[in-house]
2 protein chains.
Amino acid sequence: MATLSDVARRAGVSPATASRVINGSSKPVTDELRERVLAAVAELQYVPNAHAQLLARSHRSAVGVIVHDVSDPYFAEITRGLQRVATDQGRLLMICNSYRDPDRELEYVELLRGHQVAALILAGSGYHDEAFTRQLNEKLAAYGATGGRVAVIGRHEHSGDAVMPDNRTGGYLAGRELCELGHGAIGVVAGPRILTTTTDRLAGLRQALAEQGRDLPERRIRYAEFDRDGGAEATARLLDADPELTAIVALNDSMAIGALATLRARSLAVPRWVSVIGFDDMPIARDVTPALTTVRLPLVDMGVRAMSLVLGAEALSPRVEVLPAELIRRDTTGPAARATTGSAPRARRADTAS
Amino acid sequence: MATLSDVARRAGVSPATASRVINGSSKPVTDELRERVLAAVAELQYVPNAHAQLLARSHRSAVGVIVHDVSDPYFAEITRGLQRVATDQGRLLMICNSYRDPDRELEYVELLRGHQVAALILAGSGYHDEAFTRQLNEKLAAYGATGGRVAVIGRHEHSGDAVMPDNRTGGYLAGRELCELGHGAIGVVAGPRILTTTTDRLAGLRQALAEQGRDLPERRIRYAEFDRDGGAEATARLLDADPELTAIVALNDSMAIGALATLRARSLAVPRWVSVIGFDDMPIARDVTPALTTVRLPLVDMGVRAMSLVLGAEALSPRVEVLPAELIRRDTTGPAARATTGSAPRARRADTAS
DNA sequence: TACCGCAGTGAAAGCCCTTTCCCGCAGGGA
DNA sequence: TCCCTGCGGGAAAGGGCTTTCACTGCGGTA
């Protein structure tokens, strides 16, 4: 690899001058030398060593991001928002997938700190795990103490800046909607119970039922992975235990899609026999059939806000921005089925009747 | 930020010794000093400066990846394959989204070269654009000349190692299937015509029709963005121009989902009135309703192969691995509708009849 | 004429690590 | 007793870049 001094030698100038030309420094350089340097750069196919540059500049410019998985639509949308702001400000993003592994999360904080990122954004659910939470907070505090900025998205265990989707109200909206549609037996397809996202959404749901003087017994909840297969499997278990269910709340859209798959496999028409509500409103939600009723979260905006917090002026006290959830009514919800026969039909092709 | 010499000073040892302890060097260090160093590291919350490390070690270990968009399921799957191999070998991946912008692609090659990556993988379609292709090849050659390894996925304009999905055969399979089902008027919802992926898939399709003594006129093809909205829009244009269409081939699954949306909006039952075939078999394909018939590409495997090529022994001549396409029959295809009334029905709820 | 200021350039001091090279010392063989 | 070996540790030389600082001319002012 050609180095800066190779370029300088070839152009017959000092490395200092070459550096100035290449980086468009404010220091003036005569046109002749500039030409010679640029020619040498082209001839040698010179590309500056980024590590050396980053080392030499004290300037820290990149921003580190830790998410569950960028290819999960929930995080893809958030990341889109993060990127938008970062790109506008000429920042590079380093994105790490933790796959919801707390240890990996901790490791990535160190890794990113080692890479001298100017700021750190953690997106995703928090954990009901005191030891881990404390460790993470210590690491973040240590990072903050050296001038690093930190923001979290959707996790309240952190003491600094945060952007919070209103998961609780979202759960409430889903619950109220189903109550209003007359559903009595409501099952919940939930994510891992260790995640605060799961418990927050559940709490909202419980509240809605409580307002009707009803409760949500544990036997009507099944916990599984927060993805399509988890949703499919949890729905199957739920139906096995309680065939009278007339509605299912899935705690995210991926799980809802899994739920629809299971319902279809069992020929339980949606929404005729069973209503389904998802959560998040990821883009695919409108394209499944029937189109998914869901609770929308402003995902892109959450990313935008978080990045703005972290790149903007530092506040004296931690800022928490709560972003609202909104119910999007589509075609997977309807009035509770009349308890006529007392059990869902076995018909094979009933799945999309209205 | 604490530095290595801070740690060394605090532990009362030289930076050399501290470095050896921290990196688990093979040089022996007495337990006492080791303890002191580790204690200092913990107290100072020391994290090595990654840039300084990377600069000091000549060792290049990271691998650069350029894709269209990691959150696009096609690339998400490929990336999963890349990750798997990279992680096994303790390599870090630097993933860049080019969003199919040739200039950005060129920039990222430089960026990654500057970051001293050990290898470079470009995934996605090539372009019918001689000037760009030449430029890219020059840059890659320059990189290769300094010891960098390069592999491409799904682009044949490159002279080095390559993993190629068999797009042409895939197109052929889709075409043959529709011919066998008796479809006469076949429309194509295609990606941008500048992409080789588009033209390769089209070529296979043409070949299948040619074997039946038929051709694929340009008026039966609509080019649009390779995503859901592109597919929806292209399908609308196609149907406007040619209401007699009985089948649509979408050149990727995202477009197919868009096509299904448009067909649903127009109350054209699938597959009763119109059959649809997608391409890629991304995970969501089985979850839309009706489940999408599509041409499967071994996406994860493509990633695995490419990473293996690039991290394995260097070959004397460039290797090209062609991975097969496979038709997956699901529920969006069926026999061509009898030309009874001569036009599709207006019924509103016919969309999932079989 | 002496001096000041400034544009343009280069020398060199970092930035923070890793790793080679070298040194002191203790133990073992002759 | 002397020498060789090998272990444990430190000094210092990079690794490639940026940036400060010092220097050289030059035009302009007093």
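Below, read A as the first sequence line, B as the second, and so on, with proteins coming before strands; counting in each chain starts at 1. Just the heavy atoms: all of them, side chains too, but no hydrogens, waters or symmetry mates, feed the values below. For clarity, every value in this text was computed on a predicted model and none was experimentally measured.
Counting to the nearest Å, the C1' atom of D:dC17 and the CD atom of B:Q116 are 12 Å from each other. Rounding to whole angstrom units, NZ of residue A:K27 and C1' of D:dT19 are separated by 9 Å. Look at CG on A:L4: it is 19 Å from P on C:dG14, rounded to the nearest Å. Regarding A:I22, its CD1 atom lies at a distance of 12 Å from the C1' atom of D:dG16, rounded to whole Å. In this structure, CG of B:L44 is placed 14 Å from P of C:dC16, rounded to the nearest angstrom. Atoms CZ (B:R57) and P (D:dG16) sit 16 Å apart, rounded to a whole Å. Atom CG of A:D6 and atom P of D:dG16 are 9 Å apart (whole Å). Between the CG atom of A:D31 and the C1' atom of C:dT9 there is a distance of 15 Å, given to the nearest Å.
The side chain of B:T17 places an N or O atom within less than 4.0 Å of a non-bridging phosphate oxygen (OP1 or OP2) of D:dG10. An OP1 or OP2 oxygen of D:dT18 is reached within less than 4.0 angstrom by a side-chain nitrogen or oxygen of A:Q53. A sub-4.0 Å separation between OP1 or OP2 of C:dC16 and a side-chain N or O of B:Y46 is absent. Phosphate contact (OP1/OP2 of C:dG10, side-chain N/O of A:S14, threshold under 4.0 Å): present. Phosphate proximity of D:dT18 to A:N23: present, with a side-chain N or O under 4.0 Å from OP1 or OP2. Taking side-chain N and O atoms only, B:S19 has a distance below 4.0 Å to OP1 or OP2 of C:dT18.
For A:R20, whose side chain is taken as the heavy atoms from C-beta onward, the closest listed nucleotide among C:dT9, D:dG8, C:dC16 is C:dT9. Nearest to the side-chain atoms of B:P28 among the listed nucleotides D:dG8, C:dG8, C:dG10 stands D:dG8. Nearest nucleotide to the side chain of A:A16, out of D:dA12, C:dA11, C:dT18: C:dA11. Nearest to the side chain of B:N49, among D:dC21, D:dC17, C:dC16, sits C:dC16.
With respect to the salt-bridge test (charged N to carboxylate O, under 4.0 angstrom), the residues A:E77 and A:R80 qualify. Between B:E32 and B:R36 there is a salt bridge, since a side-chain N of the basic residue sits under 4.0 Å from a carboxylate O of the acidic one. Between B:D301 and B:R305 a salt bridge is recorded (basic side-chain N to carboxylate O distance below 4.0 Å).
Between the side chains of A:D129 and A:T133, no donor-acceptor pair of N or O atoms lies under 3.5 Å. For the residue pair B:H68 / B:N97, no side-chain donor-acceptor distance below 3.5 Å is found, with atom types taken as modelled.
Residues B:L55 and B:P15 each lie close to DNA chain D; by heavy-atom proximity, the contact nearer the 5' end of the strand is made by B:P15. Of the residues near DNA chain D, B:A56 and B:G12, the one whose nearest nucleotide (by heavy atom distance) lies more toward the 5' end is B:G12.
Using a 4.0 Å heavy-atom criterion, one finds that A:L33 contacts the sugar-phosphate atoms exclusively.
Under the 4.5 Å side-chain criterion, counting only non-hydrogen atoms from C-beta, A:R100 is not in contact with A:D69.
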